Amino acid sequence: MENDATIDTTPDGFGWITRFIDSASGASTTPEEARRRRMRILFLLLATITPLLVFTGNTEQSVFHEEQMLLWAGVLVGASTAFYAALRLFKAERTIGIAFGLWVLTVIAHGPLYYGDPAQIALTTLVLIPLIMGSVSGASASLAGTILVILTYFAVLGSAHYQQHQITDAAISLISYSMLSTVLCGVLVSHFQRHTEAEAKRLTDDNAKVHAIAMTDSLTRCANRRAFQMAMEQISENADSKVHPALFIMDLDRFKQINDTFGHSVGDEVLRTFAERLRNVVAESGRVFRLGGDEFAILFFDEPSQSALEDLAVQIRALSEAAIATQAGDVDFDVSIGIALSDGSEASNSQLYRQADNAAFAAKKLAGSAHLVFNNQIDGQITRQYEVEECLKVAIAKRSIGIAFQPQYDLRNGAIVAYEALARWKDPLLGKVSPAEFIQIAEKTRLIEVLDQQIISTALRNASKWLGRQQRVSINVSARSLRMTDFAAYVLKHVRRAQLDPSQVEIEITETALIENWDAAKHTVDCLRRDGIRIVLDDFGIGYSSLSYLAEFPVQKLKFDRSFLLKACESSNSLIMRSIINLAKEMQVEMVAEGIETREQLNLLRQLKCQQGQGYLLGRPIPAVNMDKFVKSRRMVA
Ligand code: C2E
Ligand code: MG
Ligand code: MG
């Protein structure tokens, strides 16, 4: 750390002395700290050397004789070098190292000067120990040191008196000056320590501020993803079965659309307001995080009950009842919430995020509901989705998705007018997977475009081998494919390659596909129609169906959704069917009913004068490899 932010604080004119002190005292991160360190070391130096100088000045065997001066200087230089090297070598805490070094130095220097008088050396050592204690640890240690010195002083006096020895003036001066310098040093160090403590507090406060900024999302003022990760790590590390945390993961439905339609600044306003409303509702019961984009989390620690959490989820969903006022006008929004509760164990805590996230995903996609509490069934669904997605990638890469063709009959004369191409997949690991399942997953994971293209090219190539001149092949495509700019060109290219007439090809699209991508879909549909390809509106009647679409989106054929036939016997339903059939007739749009399973359904459709029909009663989807045989056998019957 120190090395990262070292500041060059060498004042002008002090040169190598300050550099030496700085290098001995360690790199400082602020000029203030550097000054403090220098001062501390200078006082140590002063306090240690003072008694030495006093003594050398007073003794009869003065050090200022030539040889002794040399000796003294040699010892001083040697010892400081050794001390400095040792300091570096052992990476000692520098202030303590310096104090210790000075103590060693002084003892070594005193030794020869006293000519081996053990009482003097012991005295010096005794005096220096509290001095060092004071220097390093501050006023209280200094006081203890001073008391020790005074006691020693009286002990020495007493002993001298008892032994009838004269105590030298030098020894008395040494003790007095040492006491003085010890006290001085202690007072100064304690002053600096107080200063340091104040500084440390200021730094701690600053650190806390910086920490808070680093953990806060600047847009919403919620705790951010980093804070969330730390909180999650903490709860899985400090698992305690008595504390049962719970987690909400939320996101705003169709937020991308808000951004795309109104721009990012309006998107920001929506997020800000939502976060504010969220914090108000949650209050003190949990901690709100923004995980990024439109994703939020709330972490609860005080063992909330499932019903309390669900109540809160309802309140959060109710936040969307009031639209958010933005510069671009009122913006509506919706929230999906996934809830997970932990039993407090480490394993459960560490699963919390995954479970809440899966529940949120399920709330949005699977259940169509706005809040869901995690359960194992959701887990199973998510795991299954993941498995299907992985295997689907492989199947698409290997082009192993097959096709079956289901005939559509003219209900008046029993002729086959068209064949609907339906994707079929038998995976080596998963076995048979229904298109209702894998198409939805392909749509979510953007595999659908490639899959649709594969089905289009294969179905056309296959159909070209057996399709009658008056018959058509009908291919389902997803909303996402319609968004592709070159989709129509792709279809036409493969129609030509299969040497089929464009009028023999029908593209089945659903209403939802049209509604979700009106402009892009309209453009693609216009291109397809211009090329002579027919458009069929599939699953008609279950979406936001409005016949007004038909005016803007001229289609050649409408396909009643299967649900109409399931309830066909209800008179209100047959009435609706009758009016749609009549309207379609007037608009010169063909009508086909799918999912015919019973004779009653067929009879009703005939009665209502529905032209075409498709269903298990009339013919099940036939695998592509059997189509040649099927067509031949039909010809034989005819
Ligand atoms: P869809 O386009 O409405 O296709 C009709 C579905 O009804 C097919 O299911 C078909 O097998 C089934 N069906 C036909 N007759 C009957 C019947 O009498 N009773 C019942 N209960 N069902 C009947 P499938 O093949 O499972 O396809 C489901 C959906 O998957 C299709 O609905 C279509 O939306 C989608 N799909 C299938 N193949 C493709 C494809 O190649 N591309 C795209 N984008 N979607 C496809
Ligand atoms: Mg279809
Ligand atoms: Mg359908």
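Each ligand, and each atom within it, is numbered from 1 in the order the structure gives. Worth saying up front: this structure is predicted, and the values here are computed from it rather than measured.
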Peer 1: Would you mind running through ligand 1 and noting each atom that sits below 4.0 Å from a heavy atom of I596?
Peer 2: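 Near I596, the atoms of ligand 1 are 18 (O).
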Peer 1: Hey, which atoms in ligand 1 end up nearer than 4.0 Å to a heavy atom of L422?
Peer 2: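 Near L422, the atoms of ligand 1 are 4 (O), 8 (C), 10 (C), 11 (O), 25 (O), 37 (C), 38 (N).
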Peer 1: Going by the atom numbers of ligand 1, which of them fall below 4.0 Å from some non-hydrogen atom of S478?
Peer 2: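 In order of numbering, the contacting atoms are 44 (N).
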Peer 1: What are the atoms of ligand 1, with element, lying closer than 4.0 Å to any heavy atom of R424?
Peer 2: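 The atoms of ligand 1 under 4.0 Å from a heavy atom of R424 are 11 (O), 25 (O).
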Peer 1: Quick check: does D561 have an N/O/S atom under 2.8 Å of the Mg ion (ligand 3)?
Peer 2: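 No, since none of the N, O or S atoms of D561 sits under 2.8 Å from the Mg ion (ligand 3).
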Peer 1: Can you tell me the protein heavy atom closest to atom 28 (C) of ligand 1 and the distance?
Peer 2: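 Nearest neighbour among protein heavy atoms for atom 28 (C) of ligand 1, to 0.1 Å: A436 N, 4.2 Å.
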Peer 1: Find, among atoms of E420 that are N, O or S, the one nearest to the Mg ion (ligand 2), and state its name.
Peer 2: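 That would be atom OE2.
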Peer 1: Return the minimal non-hydrogen interatomic distance between K444 and F361, and the atom names on each side.
Peer 2: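 So the minimum-distance heavy-atom pair works out to CD-CZ, 4.0 Å.
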Peer 1: Could you tell me whether L617 approaches ligand 1 through its side chain, its backbone, both or neither, with non-hydrogen atoms closer than 4.0 Å?
Peer 2: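 Neither part.
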Peer 1: What protein heavy atom lies closest to atom 19 (N) of ligand 1? Include the residue and the distance to one decimal.
Peer 2: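 Result for atom 19 (N) of ligand 1: E597 OE2, 2.5 Å.
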Peer 1: Does E508 bring an N, O or S atom to under 2.8 Å of the Mg ion (ligand 3)?
Peer 2: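 False for E508.
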Peer 1: The Mg ion (ligand 2) to N476: any N/O/S contact under 2.8 Å?
Peer 2: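 Short answer: yes, at least one N, O or S atom is under the cut-off.
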Peer 1: Nearest to atom 15 (N) of ligand 1 by heavy atom, E594, Q406, Q614: which?
Peer 2: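 The option holding the nearest heavy atom is Q406.
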Peer 1: Test your reading of the model: is there a side-chain donor-acceptor pair from R534 to the backbone of E506, 3.5 Å cut-off?
Peer 2: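 Flag not set: sc R534 to bb E506 has no pair under 3.5 Å.
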Peer 1: Does a side-chain heavy-atom distance below 4.5 Å link F405 with N462?
Peer 2: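 A side-chain contact exists here, since the closest heavy-atom pair is under 4.5 Å.
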Peer 1: Considering non-hydrogen atoms of the protein only, which is the closest contact for atom 18 (O) of ligand 1, and what is the distance?
Peer 2: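 Answer, as residue, atom name and distance: Y616 N, 2.7 Å.
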Peer 1: Out of curiosity, is R620 lining ligand 1, as in a heavy atom under 4.0 Å away?
Peer 2: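 No heavy atom of R620 comes that close to ligand 1.
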Peer 1: Run the numbers for me: atoms of ligand 1, each under 4.0 Å from some heavy atom of R562, listed by number.
Peer 2: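 Once the distances to R562 are compared, the set is 19 (N), 20 (C), 21 (N), 22 (N).
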Peer 1: Assess D539: does it contribute an N, O or S atom lying under 2.8 Å from the Mg ion (ligand 2)?
Peer 2: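 It does not; every qualifying atom lies at 2.8 Å or beyond.
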Peer 1: Just to be sure I read this right, does ligand 1 sit under 4.0 Å from the backbone of I455, its side chain, both, or neither, counting only heavy atoms?
Peer 2: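 For I455, only side-chain atoms sit under 4.0 Å from ligand 1.
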Peer 1: Can you see whether Q612 engages E590 through a side-chain donor-acceptor pair at a distance of less than 3.5 angstrom?
Peer 2: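 A donor-acceptor contact under 3.5 Å links the two side chains.
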Peer 1: Hey, does the side chain of Q607 reach the backbone of L604 with a donor-acceptor pair shorter than 3.5 angstrom?
Peer 2: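 Such a contact is absent between Q607 side chain and L604 backbone.
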Peer 1: Side chain of S348, backbone of S345: donor and acceptor closer than 3.5 Å?
Peer 2: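 Judged by distance alone, no pair lies under 3.5 Å.
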Peer 1: Between F296 and F274, is the ring centroid distance below 6.0 Å?
Peer 2: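 Centroid separation for F296 and F274: below 6.0 Å.
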Peer 1: With a 3.5 Å distance limit and no angle check, can you tell me whether R290 reaches the backbone of G293 through a side-chain donor-acceptor pair?
Peer 2: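 Yes; at least one donor-acceptor contact below 3.5 Å.
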Peer 1: Just one of L558, V592, D561 clears the side-chain contact (heavy atoms from CB on, under 4.5 Å) bar with F540, so which one?
Peer 2: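 Exactly one candidate clears the test, L558.
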Peer 1: Considering just N/O/S atoms, say which atom of E594 is closest to the Mg ion (ligand 3).
Peer 2: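 Of all N, O or S atoms belonging to E594, OE2 is the one nearest the Mg ion (ligand 3).
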Peer 1: I'd like to check which ligand 1 atoms, numbered from 1 as shown, lie under 4.0 Å from a non-hydrogen atom of P435.
Peer 2: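 Near P435, the atoms of ligand 1 are 24 (P), 25 (O), 26 (O), 27 (O), 30 (O), 37 (C).
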Peer 1: Got the closest protein heavy atom to atom 36 (N) of ligand 1, with its distance?
Peer 2: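 The closest one turns out to be I439 CG1, 3.9 Å.
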Peer 1: What atoms of ligand 1 come within less than 4.0 Å of a heavy atom belonging to D452?
Peer 2: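 Near D452, the atoms of ligand 1 are 42 (N), 43 (C), 44 (N).
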Peer 1: In terms of atom number and element, which parts of ligand 1 are under 4.0 angstrom from non-hydrogen atoms of P621?
Peer 2: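 Answer, ordered by atom number: 11 (O).
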Peer 1: In the protein, what heavy atom is nearest to atom 38 (N) of ligand 1, and what distance, to one decimal place, separates them?
Peer 2: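 Going atom by atom, the protein heavy atom closest to atom 38 (N) of ligand 1 ends up being A423 N, 3.0 Å.
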Peer 1: Taking just the N, O or S atoms of D538, which one is nearest to the Mg ion (ligand 2)?
Peer 2: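 Closest to the Mg ion (ligand 2) among those atoms: OD2.
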Peer 1: Would you kindly say whether D452 and S481 are connected by a side-chain donor-acceptor distance under 3.5 Å?
Peer 2: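 Per modelled atom types, D452 and S481 side chains form a pair under 3.5 Å.
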